[in-house]
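To start, the structure under review is shown below, and the notes come after it.
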Amino acid sequence: GSVLSNKHVCWRWRSSAAQQSKPISWSLVFGLMLFSLGIVSLFTGHVVSDLDWYSRRLVKQKLYFKLDGSNKGPIDIWKSENGKSFYGCSKRSRKFPHAVRERSSNGYLLIAASGGLNQQRTGISDAVVVARVLNATLVVPELDHNSYWKDNSDFVNIFDVNWFISYLVKDVTIVKKVPDKFMRSMEKNPYSMRVPRKSPPEYYLDQVLPILKRRRVLQLTKFDYRLANNIDEELQKLRCRANFHALRFTKPIQELGQKLVLRMREMAIRFIAVHLRFEPDMLAFSGCYFGGGDKERYELAEIRKRWETLPDLDADGERSRGKCPLTPHEVGLMLRALGFANDTYIYVASGEIYGGEETLRPLRDLFPNFYTKEKLANEELKPFLPFSSRLAAIDYIVCDESDVFVTNNNGNMARILAGRRRYMGHKRTIRPNAKRLSSLFMERDKMDWDTFARKVKAVQRGYMGEPDEMRPGRGEFHEYPYSCICKKNGDPELEQVRGNQGLKNRSKEEEPVLGAKGDE
């Protein structure tokens with residue numbers, strides 16, 4: 001039946017061509033070519049390895065580029081051409097009421113953040129919104145001293161607390177501590193509770209607010225990702241103001257971070273920052289295997305015991321699903337395949353790399369201009385060495401200022417920085433398509449370099465930090481802050497990505513009201 005149908009189609013094409021000239025059906029021609037190649041492969045035993053690439057590239061070219069958000073030309077690996085049309089717009093609306101005064105609030109909200117620096121950063125940003133929802137006075141959040149990193153730094157050691165309070169003064173009343181007089185008058189100790197993850201504002205109003213009003217001082221523990229992604233537009237903007245503006249690092253951290261950026265710029269006009277995230281805890285948590293034999297399996301299994309609730313995972317299955325971070329060698333191969341030359345300068349942000357120098361050597365060979373904070377600032381770094389969160393903050397600054405930022409997992413630092421770089425004008429941010437890349441790395445020895453590079457470029461389309469990768473409701477809001485991204489529309493007004501009413505360009509950070517009440 002298919003043969004007769006094909007003959008009928010060809011006959012109709014020839015007969016109509018004799019009567020009048022019609023455009024050639026290229027989709028049909030390429031379809032027949034692919035069918036012929038498939039028949040040939042069956043008889044010759046050869047696999048047409050590029051079949052999928054050709055079919056998308058030729059037969060469904062328009063659909064392919066539309067889905068990928070790319071144009072027909074090559075991608076500029078250093079910057080997004082479309083990025084210059086967008087930037088962050090989180091200015092509060094005139095309709096957004098001012099924060100309630102401390103004495104008029106429903107009580108004091110204490111927050112115990114959880115995890116490492118960037119996980120706590122998400123919790124702090126969400127805590128600002130929750131305090132607003134509850135009409136509560138927010139007490140400067142308490143940082144986690146008991147996580148894997150064992151850092152005893154307080155909020156004031158990492159973030160500029162006075163800037164944090166003053167920048168948000170119109171949105172939320174924030175104090176450094178509950179007044180002693182008020183604490184002495186309390187009949188009971190502050191009530192402590194943990195809310196479910198991703199709780200909507202309605203949950204806080206129904207379940208938390210009555211307790212806050214009754215007890216007047218309430219502590220929310222393990223506060224990370226405890227607020228839903230999709231909330232009111234104005235509250236989303238408040239989230240952005242807290243995260244991208246109010247949380248500014250202390251002067252010593254900021255100064256050293258900027259020194260490292262300057263030193264990279266003195267050596268190269270532009271540079272890449274790579275967040276390897278190849279530390280032992282990350283590898284153990286992933287449940288993946290990286291080729292280190294029984295020694296690796298034993299060591300990572302011992303670390304994994306620290307998390308009692310983690311299920312047993314199939315390492316091969318996790319890799320095929322794209323859940324495993326790339327090795328440093330694989331990161332280097334991906335970057336070279338994308339087109340970054342051997343003389344490109346790279347800054348590697350990481351803690352203790354599992355396997356040490358032996359693990360890093362292949363990446364160094366691919367990119368000899370290889371730098372870390374330890375290499376750029378030896379003596380200056382010593383005061384920060386006992387504090388993992390302060391070291392992470394220095395890496396954060398350099399990664400944020402880099403021309404290209406490369407993530408290697410979907411962890412907290414990767415999400416937070418990806419969101420910030422989108423907010424700051426869609427600076428090039430590359431996220432490995434680990435699911436597709438893992439199969440390519442397994443087959444790498446079976447293809448020449450040009451073929452491998454072409455395939456890497458193909459699978460990375462849609463993972464290069466382009467504006468149209470961001471869609472409302474997709475992923476974590478901290479990674480895709482769609483409510484806070486505006487598009488220039490050729491006039492003074494800005495059209496928001498979500499299509500709501502345009503807002504005027506916010507060309508620089510709004511200065512806080514200094515000396516405002518908030519330290520009582």
Does any donor atom in the side chain of Gln119 or Asp224 lie under 3.5 Å from an acceptor atom in the other side chain? yes
Closer than 4.0 angstrom, basic N to acidic O: yes or no for Arg263 and Glu401? no
Pro432 versus Val331: any side-chain heavy-atom pair under 4.5 Å? no
Any side-chain to backbone donor/acceptor pair from Arg121 onto Met413? Under 3.5 Å, distance only. no
Is there less than 2.5 Å between the SG of Cys484 and that of Cys240? yes
Under 3.5 Å, is there a donor-acceptor pair linking the side chains of Tyr354 and Glu299? yes
Tell me yes or no: between the side chains of Arg421 and Thr429, is some donor less than 3.5 Å from an acceptor? yes
Looking at every heavy atom in both Asn342 and Leu366, which two are closest together, and how far apart are they? ND2-O, 2.9 Å
Surrounding NZ of Lys375 (heavy atoms of other residues, nucleotides or ligands, distance under 6.0 Å), is the total greater than 12? yes
Can you check whether Gln460 reaches Leu437 side chain to side chain, under 4.5 Å on heavy atoms? yes
Can a donor-acceptor pair be found, under 3.5 Å and without considering hydrogens, that links the side chain of Glu279 to the backbone of Gly351? yes
Are the aromatic rings of Phe159 and Phe249 close, with centres under 6.0 Å apart? yes
Output yes when a side-chain donor or acceptor of Arg428 lies under 3.5 Å from a complementary backbone atom of Val404, and no otherwise. no
Presence of salt bridge, Asp395 and Lys373, under 4.0 angstrom: yes
Is there a donor-acceptor pair under 3.5 Å between the side chain of Glu469 and the backbone N or O of Gly465? yes
If you draw a 6.0 Å radius around CE in Met267, do more than 12 non-hydrogen atoms from other residues or ligands fall strictly inside? yes
Under a 3.5 Å distance rule, please check whether Glu296 uses its side chain to pair with a backbone N or O of Gly293 as donor and acceptor. no
Between the side chains of Lys198 and Glu476, is the shortest nitrogen-to-carboxylate-oxygen separation below 4.0 Å, so that they form an ion pair? yes
Salt bridge flag under 4.0 Å for residues Arg239 and Asp126: yes
Does either side chain, that of Asn369 or that of Tyr347, offer a donor lying less than 3.5 Å from an acceptor on the other one? no
For a quick check under 3.5 Å, do Ser350 and Arg277 share a side-chain donor-acceptor pair by atom type? no
With a cut-off of 6.0 Å (strictly less than), are more than 12 heavy atoms of other residues, nucleotides or ligands near CD of Glu358? no
With a 3.5 Å distance limit and no angle check, can you tell me whether Arg304 reaches the backbone of Phe285 through a side-chain donor-acceptor pair? yes
Start with the C-alpha gap between Phe340 and Phe367, add the side-chain angles, then the distance that decides, and say whether ring-ring contact (aromatic ring centres under 6.0 Å, His included) holds. CA-CA 9 Å; Phe340 292 102; Phe367 293 97; 7.4 Å; no
Could you tell me whether Phe370 and Tyr345 have their ring centroids closer than 6.0 angstrom? no
Run Leu260 and Ile397 through side chain to side chain contact (heavy atoms under 4.5 Å, CB included) and show every step you take. CA-CA 9 Å; Leu260 302 194; Ile397 293 169; over 6 Å; no
With the side chain counted from C-beta on, respond yes when Lys427 and Asp400 share a heavy-atom pair under 4.5 Å apart, and no when they do not. yes
Side chain to side chain contact (heavy atoms under 4.5 Å, CB included) between Val406 and His275: does it pass, once the steps are laid out? CA-CA 6 Å; Val406 182; His275 184 220; over 6 Å; no
Would you say the side-chain atoms of Lys259 pair up with the backbone N or O of Ala377, donor to acceptor, closer than 3.5 Å? no
Arg297/Asp294 ion pair, N-O < 4.0 Å: yes
Asn229 and His478: side chain donor to acceptor below 3.5 Å: no
Nearest-0.5 Å distance, CE of residue Met424 to CD1 of residue Ile485: 9.5 Å
Side-chain contact, heavy-atom cut-off 4.5 Å: Lys79 with Asp76? yes
Once you measure the plane-to-plane angle for His245 and Tyr167, does it fall in the parallel (<30°), tilted (30-60°) or perpendicular (>60°) bin? parallel
Does NZ in Lys150 sit with more than 12 non-hydrogen atoms of other residues, nucleotides or ligands closer than 6.0 Å? yes
Does Phe278 have its ring centroid less than 6.0 Å away from the ring centroid of Phe290? yes
Do the side chain of Asn433 and the main chain of Val459 share a donor and acceptor less than 3.5 angstrom apart? yes
Could you tell me whether the side chain of Arg265 and the main chain of Ile269 form a donor-acceptor pair under 3.5 Å? yes
Distance-only polar pair, side chains of Ser85 and Asn82, donor-acceptor under 3.5 Å: no
Phe452 vs Phe441 aromatic rings, parallel, tilted or perpendicular, using cut-offs 30° and 60°? tilted
Are His426 and Glu466 close enough that some pair of their side-chain heavy atoms sits under 4.5 Å apart? no
Looking at Val156, is its backbone amide N or carbonyl O close enough to the side chain of Asp154 to form a donor-acceptor pair, meaning the two atoms are under 3.5 Å apart? no
Taking Lys446 first and then Glu443, would you say they form a salt bridge - that is, a charged N and a carboxylate O separated by under 4.0 Å? yes
